[in-house]
Amino acid sequence: MPQKIFNTRTRKKEIFQPIREGEVGMYVCGITAYDVCHVGHARAAVVFDVVYRHLRSRGYKVTYVKNYTDIDDKIIDRANAEGTGFAEIAERYIRLHDEDMAALNVLPPTITPKATEHMADMISMISALEAKGIAYPVDGDVFFAVNHFPVYGGLSGRLLDDMLAGARVDVNDKKKNPLDFVLWKKSKKDEPFWESPWGQGRPGWHIECSAMSRRYLGDTFDIHGGGEDLVFPHHENEIAQTQAVTGKSPANYWMHNGFVKINAEKMSKSLGNVFPVREIVRQYHPEALRLFMLQSHYRSPVDYSDTSLTEARAALTRCYAALKLMKDARGAAIEAAATPLPARFSYIRKINELNDRFDAALDDDFNTAQALGCVFEAARMINNLLTAEKKMPVSEKQCVLETAFSIFEHFSDVLGVFQSDPDVFFDADREIEVKKRGLDEEKIAHLIAQRQAARADKDWSRADDIRKELDVMGVVLKDSPVGTTWSVE
RNA sequence: GGCGGCAUAGCCAAGUGGCUAAGGCAGCGGUCUGCAAAACCGUUAUUCUCCGGUUCAAAUCCGGAUGCCGCCUCCA
């Protein structure tokens, strides 16, 4: 089944046709390094991480470029507020971004260029636009003349006249057309600057992506991605800049991820509901956040809330429980191979089917929600095999398990979840919950020991009282032949 | 004002012309267990916001209504 991608430009799912057979060039707009990453950044990162992972698993050689905007008004503002330099601010937030991404199992892109390292590329692009009469300098600023670019608005489906009618554009006497946007910005006193043909200044926001995507991926590459808010004006402007220079559209497929809402409201600083990634991962296992996002289609909005993360945690726990069961069963002694029984092949066939459906779901515009459905079905099948299938000899089960393992490994590789050893996961998850709820582990251990003593005496009512006491704290006990373990509900 | 999106069970969420409308969470009944937990089995939408239309056939296409949301200014 061919790869399909929903292209924002045509608003249709299209069959993906790479420029070079077997290769993919992909550019995704990264962060402006002036603050820590929030859950919205996390979604964009996770979405395109899965795109990257899936295309690779399908055999494409993917060159994935994601930039850092390390010079910008907001960075300068923050530097001024802290009495430090812009470079220091950018460096700090890039470092924090990288930490957050690592926590979320987001693979590092192939190339992560910075705007400040591509001044020459940007300046030469602006010069080219000026030479073509599409860019015009005014007092040290340089603007892009949208009237000189006939297909302006082609991505977002807007007409220049309609946008002018909207009239919610900033008033700037220097611009010939209110929709013209800045390519180069004259630096004010005490602001960082770079030398240019138009004097000392810094680049406008949009030009860096045009320059860097072209530098690493060429005039036209395969996929350009970002959050849906970037469709207009950022990506519209990128197209205008690049295409005005090269005569070619920069990217063939434009992908945009939907927004994260917070308790059904838009996330914004004024509402005070911006959730930083590093805060969330103190409350929930990072894979719970990832799973939460992957349970919806990437173009739909998702609603972040305690409830939704708690549900994602439960779903994640379910998968890890299956993985743990598999791991423990695998550890059991393998008997001498018997003659294969039909049941073995029936299970293996079903597992392989789920694997195919998983891949097919991702082929269809990266439908992670559907793919996860296959993962859960596989988990249930394995649980069933291991706990309810009485007739099958252990050696037969082992054969099925080996297939199941390799398939879960595939699920894990592509979705970037279930990457821990189950025991490590349960420890990490419990630790998070213990901290979050302020539980006293020593006290819990003490109560469990008391209950064990009561159980040894067959004092069931005392044992049950202790269970209830722990239950009130959110502590759930699990008795097994080898002892009692506990988790937080 | 302009452009666009969404509406599926108690909740979250796939499915975009035709098999029994995935999956997760929650609930209920059962198996297992000293009791539990986990797991498994069964169960929970004759129906996809409403009204019309196209079709042999629609949650899925078309028109309309209602409701919610996003972008048009920095924004993932």
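Throughout, protein chains are lettered first and strands after them, A, B, ... in sequence-line order, and every chain is numbered starting at 1.
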Please measure how far the P atom in A21(B) lies from the corresponding atom in U55(B), and state the result in whole Å.
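That atom pair is separated by 25 Å.
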From the options C41(B), A37(B), C71(B), select the nucleotide whose nearest atom is closest to the side chain of K478(A).
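For K478(A), the side-chain atoms sit closest to A37(B).
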Counting any heavy atom closer than 4.0 Å, what does R43(A) reach on the DNA or RNA strands: base, sugar-phosphate only, or nothing?
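Since no nucleic acid heavy atom lies under 4.0 Å of R43(A), the category is nothing.
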Under 4.0 Å: is that the gap between some side-chain N or O of S300(A) and OP1 or OP2 of A14(B)?
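For A14(B), OP1 or OP2 has a side-chain N or O of S300(A) closer than 4.0 Å.
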G15(B), A76(B), G24(B): which one has an atom nearest the side-chain heavy atoms of N257(A)?
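Minimum distance to the N257(A) side chain belongs to A76(B).
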What's the gap between G17(B) and C61(B) when it is taken at their C1' atoms, as a whole Å value?
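Nearest-Å result for G17(B) against C61(B) at atom C1': 8 Å.
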Distance between the C1' atoms of U33(B) and A39(B), in whole angstroms?
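It comes out at 12 Å once rounded to the nearest Å.
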Classify G40(A) by what it touches in the nucleic acid, base, sugar-phosphate, or nothing, heavy-atom distance under 4.0 Å.
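The residue G40(A) makes base contact.
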Which residues satisfy the side chain to side chain donor-acceptor pair (under 3.5 Å) test with R9(A), sequence neighbours excluded?
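Testing R9(A) for side chain to side chain donor-acceptor pair (under 3.5 Å), a comparison that skips the adjacent residues, returns S249(A).
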Answer yes or no: is there an ion pair linking K185(A) with D73(A), defined by an N-O contact shorter than 4.0 Å?
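A salt bridge links K185(A) with D73(A).
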Ignoring the backbone of E228(A), work out which of A76(B), C41(B), G70(B) is nearest its side chain.
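Minimum distance to the E228(A) side chain belongs to G70(B).
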On a whole-Å scale, what distance lies between the C1' atoms belonging to G42(B) and C3(B)?
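Each nucleotide's C1' atom is 50 Å from the other's.
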Tell me the stems RNA chain B sits in, counting at least three consecutive Watson-Crick or G-U wobble pairs, each under 3.5 Å on both distances.
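Looking at RNA chain B, the stems formed by three or more consecutive pairs are B:1-7 with B:66-72, B:10-12 with B:23-25, B:27-31 with B:39-43, B:49-53 with B:61-65.
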How would you label the contact of N367(A) with the nucleic acid (heavy atoms, under 4.0 Å): base, sugar-phosphate, or nothing?
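The answer is sugar-phosphate, as N367(A) gets under 4.0 Å only of primed atoms, P, OP1 or OP2.
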So, does N384(A) get its side chain near the phosphate of C40(B), meaning an N or O under 4.0 Å from OP1 or OP2?
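Checking C40(B) against N384(A), no side-chain N or O comes under 4.0 Å of OP1 or OP2.
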Say you pick atom C1' in U66(B) and the same atom in C50(B); how far apart are they, in whole Å?
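Here U66(B) and C50(B) have their C1' atoms 7 Å from each other.
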Please work out if M381(A) contacts a base, only the sugar-phosphate, or nothing of the nucleic acid, heavy-atom cut-off 4.0 Å.
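Nothing: the residue M381(A), judged by heavy atoms under 4.0 Å, touches no strand.
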Taking the same atom, C1', in U73(B) and in U60(B), what whole-Å distance lies between them?
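The answer is 38 Å between these two C1' atoms.
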Any base atoms under 4.0 Å from H297(A), or only sugar-phosphate, or nothing? Heavy atoms, all strands.
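Sugar-phosphate contact only.
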Going by side-chain contact (heavy atoms from CB on, under 4.5 Å), name the residues that satisfy it together with N80(A), two or more places apart in sequence or in a different chain.
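Once residues adjacent in sequence are excluded, the partners of N80(A) under the side-chain contact (heavy atoms from CB on, under 4.5 Å) criterion are I76(A).
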A22(B), G24(B), G34(B): which one has an atom nearest the side-chain heavy atoms of E377(A)?
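When the side chain of E377(A) is considered, A22(B) is the closest of A22(B), G24(B), G34(B).
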Nearest to the A369(A) side chain among A14(B), A37(B), A39(B), which nucleotide is it?
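The listed nucleotide nearest to A369(A)'s side chain is A14(B).
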Charged N to carboxylate O below 4.0 Å: is that the case for K261(A) and E265(A)?
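E265(A) and K261(A): not salt-bridged.
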Hey, is F259(A) doing a stacking thing with A76(B), by the 5.5 Å centroid and 30° angle criteria?
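The ring of F259(A) is stacked on A76(B).
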So L230(A), base contact, sugar-phosphate only, or nothing? Heavy-atom distance under 4.0 Å.
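If one applies the 4.0 Å heavy-atom cut-off, L230(A) turns out to touch the sugar-phosphate alone, with no base involved.
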Polar side-chain contact R451(A)-G34(B) base: donor and acceptor under 3.5 Å:
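For R451(A), whose side chain was compared with the base of G34(B), there is a donor-acceptor pair (under 3.5 Å).
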Looking for any heavy atom pair under 4.0 Å, which part of the strands does G258(A) touch: base, sugar-phosphate only, or nothing?
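G258(A): base contact, heavy atoms under 4.0 Å.
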Would you indicate which nucleotide in C11(B), C71(B), A39(B) comes nearest to any side-chain atom of E311(A)?
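Closest nucleotide among those given: C11(B).
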Ring-plane angle category for F221(A) and Y27(A), please: parallel below 30°, perpendicular beyond 60°, tilted otherwise.
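The arrangement is tilted - the two ring planes meet at 30° to 60°.
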Select from A371(A) and G226(A) the residue whose nearest nucleotide in RNA chain B is closer to the 5' end of that strand.
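With A371(A) and G226(A) compared, the 5'-side residue is A371(A).
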Would you mind telling me which residue lines up with the more 5' stretch of RNA chain B, L372(A) or S156(A), judged by nearest nucleotide?
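The answer here is S156(A).
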Output the single nucleotide from A36(B), A14(B), A39(B) whose closest atom is nearest the side chain of T387(A).
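Out of A36(B), A14(B), A39(B), the nucleotide with an atom closest to T387(A)'s side chain is A39(B).
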For the ring pair F418(A) and F411(A), is the centre-to-centre distance below 6.0 Å?
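Between F418(A) and F411(A), the centre distance exceeds or equals 6.0 Å.
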Compare the minimum distances between each of A36(B), A76(B), C40(B) and the side chain of A44(A), then state the nucleotide with the smallest one.
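Of all the options, the side chain of A44(A) is nearest to A76(B).
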Quick one: does E287(A)'s side chain have a donor or acceptor within less than 3.5 Å of a partner on Q419(A)'s backbone?
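Flag set: sc E287(A) to bb Q419(A) pair under 3.5 Å.
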Using heavy atoms and a sub-4.0 Å distance, could you list which residues of residues 452-467 of chain A are near RNA chain B? By number, please.
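Here the set is R455(A), W460(A), D464(A), R467(A).
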Does C40(B) have OP1 or OP2 sitting under 4.0 Å from an N or O in the side chain of R318(A)?
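So the side chain of R318(A) is within the cut-off, an N or O lying under 4.0 Å from OP1 or OP2 of C40(B).
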Counterpart residues, side-chain contact (heavy atoms from CB on, under 4.5 Å), relative to D98(A) (two or more places apart)
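With neighbours one apart ignored, the set is Y68(A), I94(A).
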If I pick the P atom on A14(B) and the same atom on C51(B), what distance separates them, to the nearest angstrom?
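So the two P atoms sit 25 Å from each other.
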Using the P atom as the reference point in each nucleotide, state the distance between U47(B) and G52(B) in Å, no decimals.
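U47(B) and G52(B) have their P atoms separated by 16 Å.
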Are H235(A) and H256(A) close enough that their ring centres sit under 6.0 Å apart?
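For H235(A) and H256(A), the ring centres are under 6.0 Å apart.
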Determine whether a donor-acceptor pair (one donor, one acceptor, N or O, separation below 3.5 Å) exists between the side chain of D229(A) and the base of C74(B).
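There is none.
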Any carboxylate oxygen within less than 4.0 angstrom of a Lys/Arg side-chain nitrogen, looking at K174(A) and D180(A)?
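Result for this pair is no, no salt bridge flagged.
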Who are the ring-ring contact (aromatic ring centres under 6.0 Å, His included) partners of Y347(A), not counting sequence neighbours?
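In terms of ring-ring contact (aromatic ring centres under 6.0 Å, His included), with neighbours along the sequence ignored, Y347(A) is linked to no residue.
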Would you say the rings of F275(A) and Y304(A) are close, in the sense that their centroids are separated by under 6.0 Å?
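For Y304(A) and F275(A), the ring centres are under 6.0 Å apart.
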